[in-house]
Amino acid sequence: MATDLERLALRHGIRPGTVEVVGAAAARLGTTPRMLRYRESLGLLAPARTAGGYRTYDRRDLLAAAYAAELEERHDVPPAAVAFALRAVHDAELRDELAVL
């Protein structure tokens, strides 16, 4: 996975110390501010906020957004499916319920 993240960082020009507001982050990732906010609402991202309430995306946030988008494309699923899968990985009760299937 580290090589996937390194490749994404190179592809999108994400360097250590990078911090961007939502519009610049979306442009860097080839998406829209709306999609970044949607991924945040699903729990896939957790950008910091400035004192004025603006979202700021650091290197980790940008890589998470890029990786989520790549997973969605690779597996042909929407962001909500990735969020659900992530929840299933971390929630033992949900994981056990899914195992019944």
Kindly give the heavy-atom pair with the smallest separation between [X] and [Y], and that separation in Å.
X: Leu45; Y: Ala64; answer: CD2-CB, 3.7 Å
X: Thr56; Y: Asp61; answer: O-OD2, 3.7 Å
X: Val77; Y: Ala81; answer: CB-CB, 3.7 Å

Checklist entry - Between CG of Leu5 and CG of Leu62, what distance do you get to the nearest 0.5 Å? => result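 So the gap between those two atoms works out to 12.0 Å.
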
Item to check | Interatomic distance, Asp4 atom CG to Arg7 atom CZ [nearest 0.5 angstrom] | outcome: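 Asp4 atom CG to Arg7 atom CZ measures 5.0 Å (nearest 0.5 Å).
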
Show me the donor-acceptor pairs, under 3.5 Å and distance only, between side chains in residues 83-101 and residues at least two apart or in other chains.
from, atom 1, to, atom 2, distance (Å)
Asp91, OD1, Glu93, N, 3.0
Asp91, OD1, Leu94, N, 3.1
Arg95, NH1, Val89, O, 2.6

Please output the side-chain donor-acceptor pairs of residues 21-37 that fall under 3.5 Å, not counting sequence neighbours, one pair per line with the distance.
from, atom 1, to, atom 2, distance (Å)
Arg28, NE, Glu20, OE1, 3.0
Arg28, NE, Glu20, OE2, 3.0
Arg28, NH1, His12, O, 3.0
Arg28, NH1, Gly13, O, 2.7
Arg28, NH2, Glu20, OE2, 2.7
Thr32, OG1, Met35, N, 3.0

Checklist entry - Any side-chain heavy-atom pair from Leu63 and Ile14 closer than 4.5 angstrom? => result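 The answer is yes, as the side chains (C-beta and beyond) meet within the 4.5 Å cut-off.
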
Checklist entry - Any side-chain heavy atom of Tyr38 sitting closer than 4.5 Å to one from Leu44? => result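 No, their side chains stay 4.5 Å or more apart.
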
Item to check | salt bridge (Lys or Arg N to Asp or Glu O under 4.0 Å) pairs, two or more places apart, involving residues 10-19 | outcome: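 Residue pairs with at least one partner in residues 10-19: Arg11-Glu70.
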
Next on the checklist: Please determine whether side-chain contact (heavy atoms from CB on, under 4.5 Å) holds for the pair Tyr67 and Glu72, giving the CA-CA distance in whole Å, both sets of side-chain angles, and the decisive distance to 0.1 Å.
Outcome noted: CA-CA 9 Å; Tyr67 195 64; Glu72 293 156 15; over 6 Å; no

